[in-house]
Each structure stands twice: as C-alpha cells, then as structure tokens.
There are 2 protein chains.
Amino acid sequence: MTKQTPPAKKPSRIQTRNRKMILDAALEVFSRHGYRGTTLDQIAAEAGISKPNILYYFDGKEDIHVTLLNRLMESWLDPMIKLDAAGDPRSEILSYVQRKLDMARDLPQESRLFAGEILQGAPRMSPHLERHLKPLFDEKCALIQRWIDQGALPPLDPQHLIFSIWATTQHYADFDAQVQVLASHASDTHAQASAHLAQMFGALLALPKTP
Amino acid sequence: MTKQTPPAKKPSRIQTRNRKMILDAALEVFSRHGYRGTTLDQIAAEAGISKPNILYYFDGKEDIHVTLLNRLMESWLDPMIKLDAAGDPRSEILSYVQRKLDMARDLPQESRLFAGEILQGAPRMSPHLERHLKPLFDEKCALIQRWIDQGALPPLDPQHLIFSIWATTQHYADFDAQVQVLASHASDTHAQASAHLAQMFGALLALPKTP
DNA sequence: AAAAAATTTTACCATTTGGTAAATACACGA
DNA sequence: TCGTGTATTTACCAAATGGTAAAATTTTTT
C-alpha cells in the first residue's frame, strides 16, 4: 500500500534532487489551486519534469500530496513545541505569537496548503491531526492552565486562546488576497500586524492590578 | 456575455423553485470541495435535478459559482454595515464581533465558500472585493479612527483590528474540522468562543484608567 | 568498455467532466 | 381540450486528466 516507487535502499543523488524539485513544484501548485484544482501536468510544468517521470518518483497525485502534508507537519508544530514551561508565561505566549506570525510570512505556501486541507474537512489529514497535533495541543493547553492556576495569567480558556493565535496569525497568509486589496499603505503589513497582535494579546494576558 | 438562460421576463414558479434548489445544492458542494473539486454531476445529485436540466437554468458551472458569490456578498457585509457611528464605540465593536461569530455558526457554508475563494487568490471575486468590500472597509476604518481620535478607544490600528475580528470569528467555521478534533468538551464551542472573544476584544478596547 | 541498473521519453488509454442537440413530456391559458 | 411555450430527459461529444507500458537513454558498476 505504502509502496515507495524507487524500490528501497538509499536514494541516489538524482533521486534526492528530483524528488525535491517535484515536491517544491507541487507545493506551489497545490497551495494555489487546492488538491482537485491541481493537475499532474501543472506540477510537471512547474518542476520542469515530464509527467511520466514524476510518476516514476511518486505513486500518484495523492502520494505527492500526502508527502507534502507529512513534511509540513514538522515545521508546523515547531513554534508550539518551543513554548517553554520554564519561561515567563506572558512572554512565552507573546513570542509564540511572533513565531507563528513569522511563519505565515516565511511559509505562506505551507500555510495555504494546510488551510485548504482543513477547509475541505481534512480528508487526507485527520490522522495527522489526531496523532501529532492533538497531543501537543492538549499538552500546551494543560501548561497554560497551570500558569493560570498559579496566578501567572488571568483566567481564560486555553483552547480558545490558542485558536485565536492561530486564526490571527495565519490570516495574513491564508487571506493574503483580501489583505492585499484592503490594506492601505501596505508598505509593511507584517510589522503592523506584529505590533497589533502584540498589543491585543498583551492586553488579554495582562493581570489586573491588585493594589 | 452575461446571458440569462431563461430568456427574460418574470421567472415562473418552477423557475424560482429550481434555481433555488440548484443554488442550495451548489453551495453545499462548492463549500465542501472548492470550485475545481466540484462537479456538475455532484450538484445535480445533491439537487435532485439532472445535469442538462441544471444547464437549462444556468450558463454553466462558473455561472452558478458567480451567482453564489453575488448572493453571498449581501449577508456577508451586513454585520459590518450595522456598525453604528452613533452608538457607543466599545459596545458597537463588541456586538460586531458577536454578529460575525453568529454568522460563522449560522452560515458555515457561506463562510467556507468565501474562504476558499480568497485562499485561491480570489480569482472570481476580486471585483467584488474592490467594489463592495473595500469602500465599506475604508468607511468603517475611518469611523474607528475617529473614535480613537476622540479618546473613546485606545490607540490601535483599525485595519488590523478588523482583520483580527474576521480571523477569529471565521476560524470557527473555516477550520471547523480542526476545531472538532481538538476541542475537548465540545458541548458548546460557540458559547465558549463567544465568551473568549468578548474577553479578548474587551481587554484590547479597554481604556487605561487615568486616575 | 560492457553489462547492469537507473532514469527519461514516447505513445498510449480509460475515465471523468463540462457541455450540447434534439426529442419528449408537461403546464397552462384560450 | 387543444395549442403553445416551458421544462426535462436521452443520447451524445470533445477535451482534460490520472495513469501505464515499453522502448530509449543515461548513469553506474564491474
């Protein structure tokens, strides 16, 4: 079922190079047009490799897509993994926001690929969500809850705090087309967003002064 | 170019009924699978109407999609239109958040249809964004800026405030698949989200006490 | 350099899909 | 109830698309 087209052993130099070219091309096309909206011919053209040759390296369209989603998961979870239980709660969360926002700027294709997949009900990804994202999410929710219980953060819902962070940061990558149309002096949207999110989550996480 | 397949005049009873059935079915399918991921046969099956019969009422797949996007724009802009310059700034914005969140709950299909379109670069919608959304957006940004200048709101970036509201509210419709996987006691996600967003934007909009 | 293995191309194919033509069934006012 | 325009079905088609077989080419090994 999970047959690796190039039989086994260590990948050759050519193999490594071509698989990378194909995946890069596929990421570009999938992220722009979604799974069904992408054709092997488009990927082939983008990669500069013939269609049958692509099928020499991958079992098919779905195989490419799944491979991309796998690869994506790592970088995707990374900012959250870095949430450090030993650090200062407020600044830990605020830097998490910044890391997430930077990711939306630096990896907009990955963000859109992910968004498209979720938007369509995560048909090819729910196993990943369950296996990788869910445990991490639960762990960090528990951490935030502990911080709250210690009085280091105001009482709030950890789950929805994280949802808010995801929503606001990814918005700039996923809804870029809209942001571009609406943002006026779009000279440095990223910096503006960064400042705004710092202000917003800063206000939310501020402890009420108890004099 | 913009030929109306049923020639002209007033639509018959059957015409009204069938166009509605087709549009409802198309909304369901388009919102789940995106434009390219949707086939006329799927829409036909969902609507209980044969494919050629669908093409009797619409010029083609794209015509249906565009019609949906047009219809969508109205309800989409409505919550924002209701932002009242005469009201209290803070509660005006907070109730805007609630209206938007309610919409994500009540019209998730529309939300996903919109999200999918934007995600793919708004290929069929950028005229709409320019003509309808942009003017309204600019107007409301100016209104918020006026409130800030009057000292009724803390200094913040109106554009990014609105982006944050859109992002956080739509998140619950667009990323529902993810929310479902992650949210624990998902008994009443909507109420939890509502409370959290009230808390978050409440904190952001609170004026620092100046004793 | 010859053999063997890996890679790439050429020439296809079956299915799906958006769409059409024309024949048929139906609704409804005169 | 009959005639006329409306609505629906049947039978197709051309293009697009995911994929394959096998020949041809290039690379690597011996």
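Throughout, protein chains are lettered first and strands after them, A, B, ... in sequence-line order, and every chain is numbered starting at 1.
Using a 4.5 Å heavy-atom threshold, the side chains of Gln199(B) and Leu204(A) count as touching. The shortest side-chain heavy-atom distance between Phe137(B) and Gln159(B) falls under the 4.5 Å cut-off. You'll find the side chain of Ser164(A) reaches within 4.5 Å of the side chain of Leu197(B), heavy atoms only.
Smallest separation of non-hydrogen atoms from Ala115(B) and Phe175(A): CB-CZ, 3.9 Å.
For dT9(D), the OP1/OP2 oxygens have no side-chain nitrogen or oxygen of Tyr56(B) closer than 4.0 Å. Contact annotation: Asn18(B) side-chain N/O to dT8(D) OP1/OP2 distance is under 4.0 Å. In this model, the phosphate group of dT8(D) is not approached by any side-chain N or O of Ser50(B) to a distance below 4.0 Å at OP1 or OP2. For the OP1/OP2 pair of dT7(C) and a distance below 4.0 Å, the side-chain nitrogens and oxygens of Gln15(A) include at least one atom meeting the criterion.
Rounded to a whole Å, the CZ atom of Arg19(A) is 11 Å from the P atom of dT7(C). Between Ile49(B) atom CD1 and dT10(D) atom P there is a gap of 15 Å when expressed in whole angstrom units. Atom CG in Asn53(A) sits about 9 Å away from atom P in dT7(C), given to the nearest Å. Whole-Å rounding puts the Ile22(A) CD1 to dT7(C) C1' distance at 12 Å.
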Which pairs, protein N/O on one side and nucleotides 23-30 of chain C N/O on the other, fall under 3.5 Å?
unit_1: dC28(C); atom_1: OP1; unit_2: Arg13(B); atom_2: NH2; d: 2.4

What pairs of nitrogen or oxygen atoms, one from the protein and one from nucleotides 14-24 of chain D, lie under 3.5 Å apart?
unit_1: dT17(D); atom_1: OP1; unit_2: Arg36(B); atom_2: NH2; d: 3.1
unit_1: dG18(D); atom_1: OP1; unit_2: Thr38(A); atom_2: O; d: 3.2
unit_1: dG18(D); atom_1: OP1; unit_2: Lys61(A); atom_2: NZ; d: 3.0
unit_1: dG18(D); atom_1: OP2; unit_2: Leu40(A); atom_2: N; d: 2.8
unit_1: dG18(D); atom_1: N7; unit_2: Lys51(A); atom_2: NZ; d: 3.0
unit_1: dG19(D); atom_1: OP2; unit_2: Lys61(A); atom_2: N; d: 3.0

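Two rings, from Tyr172(A) and His160(B), have their centers less than 6.0 Å apart.
Under 3.5 Å, the side chains of Gln192(B) and Asp188(B) contain no donor-acceptor pair of N or O atoms. Side-chain N/O atoms of Asp102(B) and Gln98(B) include no donor and acceptor closer than 3.5 Å.
Because its NZ or CZ atom is both nearer than 6.0 Å to the ring centre of Tyr35(B) and within 45° of the ring axis, Lys61(B) counts as a cation-pi partner of that residue.
Ring orientation note: the planes of His171(A) and Phe163(B) are tilted relative to one another, at an angle of 30° to 60°.
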